[in-house]
Number of protein chains: 2
Amino acid sequence: MTALTADELTTSVEDYLKAIYAITRQGHPATTSEIAHWLNLSPPSVSGMVKRLAEQGLLEYQPYKGVELTAKGRRGALTILRRHRIIEAYLVERLGYSWDSVHQEAERLEHAVSEVLIERMADALGNPEFDPHGDPIPRPDGSMAEATSTPMPDIEVGQEGVLHQVRSNDAEQLRFIASVGLKPGTVFTVVAQQPFHGPTTIRIGDTEQVIGHELGSLLRCEVSGEQG
Amino acid sequence: MTALTADELTTSVEDYLKAIYAITRQGHPATTSEIAHWLNLSPPSVSGMVKRLAEQGLLEYQPYKGVELTAKGRRGALTILRRHRIIEAYLVERLGYSWDSVHQEAERLEHAVSEVLIERMADALGNPEFDPHGDPIPRPDGSMAEATSTPMPDIEVGQEGVLHQVRSNDAEQLRFIASVGLKPGTVFTVVAQQPFHGPTTIRIGDTEQVIGHELGSLLRCEVSGEQG
DNA sequence: TAGTAAAATTAGGCAACCCTAAATACGGCA
DNA sequence: TGCCGTATTTAGGGTTGCCTAATTTTACTA
């Protein structure tokens with residue numbers, strides 16, 4: 001008996017849900033200013049919108065206390081996330097998009113595609129579980145694969161790792177990562193690790209690369225064993 | 001030195017341009033009420049919007065006199081039309097959409113895709129000149145193939161024809177057309193033609209089909225010669 | 001516990017679009 | 001030429017979402 005009204009959400013609402021979901025997911029509380037910053041809006045705008053979203057039952061809101069998605073809101077967020085990631089996967093796989101240029105395109109399309117189209121794209125790709133950044137794609141029921149995730153700087157010297165996930169949408173970072181030969185699936189060995197958040201040196205095939213700590217933290221890997 | 005401002009048009013504006021272009025193309029003057037009818041809006045809404053479009057230099061407007069697209073407006077309309085038709089072609093060709101179900105999907109996507117994506121889809125399809133309905137796809141420069149176009153009822157009995165273009169977006173009509181074995185490229189022979197806008201009887205392969213006059217007029221064909 | 005800076009909300013506005021109801025212009029016919 | 005119906009525009013409103021400026025709340029520190 002859930003109110004399954006033809007819940008067409010506006011582009012704006014979808015963006016708010018995505019942002020709140022993402023912020024919460026990172027462990028931060030979804031405060032007004034955090035949301036505003038994420039969406040590039042002024043805090044008063046967020047304050048107002050958040051009230052409307054609460055009225056629609058998409059989130060719980062107590063003035064001055066921040067915001068939390070309801071089940072309905074979370075469902076909405078996961079739907080958009082699924083759309084976004086399938087679109088990214090499709091564009092890279094089938095239309096020759098590069099890793100670092102898909103994001104914006106997906107950002108626009110995710111608000112316009114029908115559920116039918118998303119499922120056709122997913123089928124065409126064999127219902128992948130991860131997108132080109134290595135992010136898990138929510139399934140239609142809202143569940144999703146949990147990616148193993150050791151940040152690259154946490155891997156010990158001498159260990160071998162596989163890059164699984166690149167937690168960045170910044171085109172420049174993505175281009176750099178691609179340029180050194182890294183993408184989800186790439187196997188590497190940690191050659192050196194500077195202490196105090198210093199850079200990590202890794203070997204990919206025959207070449208060594210130095211990865212700064214900030215960027216390295218965004219590279220989620222699985223430790224695959226001791227080097228030879 | 002044309003004002004090439006980052007002319008992002010809103011969905012609404014794009015729809016107005018498309019409608020005005022289509023109306024004009026049919027030989028009718030683009031009057032306020034015609035546009036309103038086409039877009040399912042009230043005449044006052046159109047009246048207001050048309051003024052804004054004129055301010056943006058997309059059309060010329062004289063109160064009580066109707067509307068005409070400027071070169072800039074026409075360019076906009078053709079861009080959308082190109083997007084629409086390439087999207088339709090892509091969805092049918094690559095994602096298994098049926099002929100009669102693509103229209104709405106394209107209607108939503110055409111406002112969200114980037115020029116880059118359109119060109120990638122077009123390339124993937126080999127830069128087709130016609131969409132699945134047989135409508136010519138405007139080229140990036142705005143030119144387009146002129147379809148030969150004899151309405152089916154105008155073909156004389158005994159003549160053979162090839163269906164080129166189906167000028168309908170009505171899902172039911174399209175389903176019917178597909179169900180009798182007609183689609184762009186289908187070869188048929190006219191077996192009978194009732195006078196006074198009566199139905200046309202055609203033979204496709206071994207079977208005969210009767211096509212009402214109204215529907216037949218939407219079927220644009222090329223006469224390919226005398227039957228055997 | 002008072003004082004204050006930061007965070008959040010309220011107040012007041014604006015632009016894009018859409019609508020209904022009321023006025024006005026146009027065009028054709030008596 | 002004058003009248004009348006239709007087409008069109010003007011008037012007046014509503015919603016969504018965004019913004020700046022002003023106010024209020026909170027939370028931290030002295």
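The sequence lines fix the lettering, A, B, ..., with proteins before strands; numbering per chain opens at 1. Values below: all heavy atoms of this structure, side chains included; hydrogens, waters and symmetry mates excluded. Given the structure is predicted, the values throughout are model-derived calculations rather than measurements.
The stretch residues 51-71 of chain A participates, sequence neighbours left out, in no salt bridge (Lys or Arg N to Asp or Glu O under 4.0 Å) pair at all. Applying the salt bridge (Lys or Arg N to Asp or Glu O under 4.0 Å) test to every pair with at least one member in residues 10-22 of chain B, sequence neighbours left out, gives these pairs: B/Glu14-B/Arg83, B/Lys18-B/Glu107, B/Lys18-B/Glu110.
Shown here for A/His164 and A/Pro184, the closest heavy-atom pair between the two residues is O-CB, 3.6 Å. Residues A/Pro199 and A/Val210 approach most closely at CB-CG1, 3.6 Å, considering heavy atoms. Shown here for A/Ser47 and A/Thr32, the closest heavy-atom pair between the two residues is N-CG2, 4.2 Å. For A/Tyr16 against A/Val46, the heavy-atom pair with the smallest separation is OH-CA, 3.8 Å. Pairing each heavy atom of B/Leu59 with each of B/Tyr61, the nearest pair is CD1-CB, 3.9 Å. A pairwise comparison of heavy atoms in A/Thr24 and A/Ala30 identifies OG1-CB, 4.1 Å as the closest pair.
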Under 3.5 Å, which protein N or O atoms sit close to an N or O of nucleotides 23-26 of chain D? Give each pair with its distance.
residue : atom : partner : partner atom : Å
D/dT25  : O4'  : A/Tyr64 : OH           : 3.4

Kindly give the atom pairs (protein nitrogen or oxygen, nucleotide nitrogen or oxygen) under 3.5 Å for nucleotides 10-16 of chain C.
residue : atom : partner : partner atom : Å
C/dT10  : OP2  : A/Lys51 : NZ           : 2.4

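Going from atom CD of A/Glu88 over to atom CD of A/Gln104 covers 11.0 Å, rounded to the nearest 0.5 Å.
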Please tabulate, for the side chains in residues 167-177 of chain A, all donor-acceptor contacts under 3.5 angstrom to protein atoms that are two or more places apart in sequence or on a different chain.
residue  : atom : partner  : partner atom : Å
A/Ser168 : OG   : A/Asp170 : N            : 3.0
A/Ser168 : OG   : A/Gln173 : OE1          : 2.6
A/Asn169 : OD1  : A/His103 : ND1          : 3.3
A/Asp170 : OD2  : A/Glu172 : N            : 3.2
A/Asp170 : OD2  : A/Gln173 : N            : 2.9

For a quick test of your reading: what N or O donor-acceptor pairs under 3.5 Å do the side chains of residues 121-132 of chain B make, sequence neighbours left out?
residue  : atom : partner  : partner atom : Å
B/Asp123 : OD1  : B/Asn127 : ND2          : 3.2
B/Glu129 : OE1  : B/Arg139 : NH2          : 2.9
B/Glu129 : OE2  : B/Arg139 : NE           : 3.2
B/Asp131 : OD1  : B/His133 : N            : 2.7
B/Asp131 : OD1  : B/Gly134 : N            : 3.1
B/Asp131 : OD1  : B/Asp135 : N            : 3.0

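As a whole-Å value, the separation of B/Leu9 CG from C/dC17 P is 10 Å. Between A/Gln56 atom CD and D/dT16 atom P there is a gap of 8 Å when expressed in whole angstrom units. As rounded to whole Å, 11 Å separates atom C1' of D/dG17 from atom CG of A/Leu53. Protein atom CD of B/Glu14 is 11 Å distant from nucleotide atom P of C/dC17, rounded to whole Å.
Side-chain atoms of B/Glu105 never come within 3.5 Å of backbone atoms of A/Val116 as a donor-acceptor pair (strictly under, hydrogens ignored).
Residues from residues 16-30 of chain A that place a heavy atom under 4.0 Å from any atom of DNA chain D, listed by number: A/Tyr16. Listed in residue order, the members of residues 35-43 of chain A having a heavy atom less than 4.0 Å from DNA chain C are A/Pro43.
Scored by the side-chain contact (heavy atoms from CB on, under 4.5 Å) test, B/Glu214 finds no partners at all (sequence neighbours excluded). Applying the side-chain contact (heavy atoms from CB on, under 4.5 Å) rule to A/Ala77 yields the partners A/Leu17, A/Tyr21, A/Leu69; only residues at least two apart in sequence or on another chain are considered. Listed by chain and residue number, A/His213 satisfy the ring pair (Phe, Tyr, Trp, His ring centres under 6.0 Å) test with A/His197 (two or more places apart in sequence, or in another chain).
Sequence order on DNA chain D of the closest nucleotides to A/Val46 and B/Val46 puts B/Val46 first from the 5' end.
For the helix from C/dT1-D/dA30 to C/dA30-D/dT1, the axis fitted to the five pairs at one end and the axis fitted to the five pairs at the other end meet at an angle of 30° (nearest 10 degrees).
Among the atoms of the strands shown, base atoms are found under 4.0 Å from some heavy atom of B/Ser45.
Using a 4.0 Å cut-off between charged side-chain N and carboxylate O, B/Glu119 and B/Arg82 make a salt bridge.
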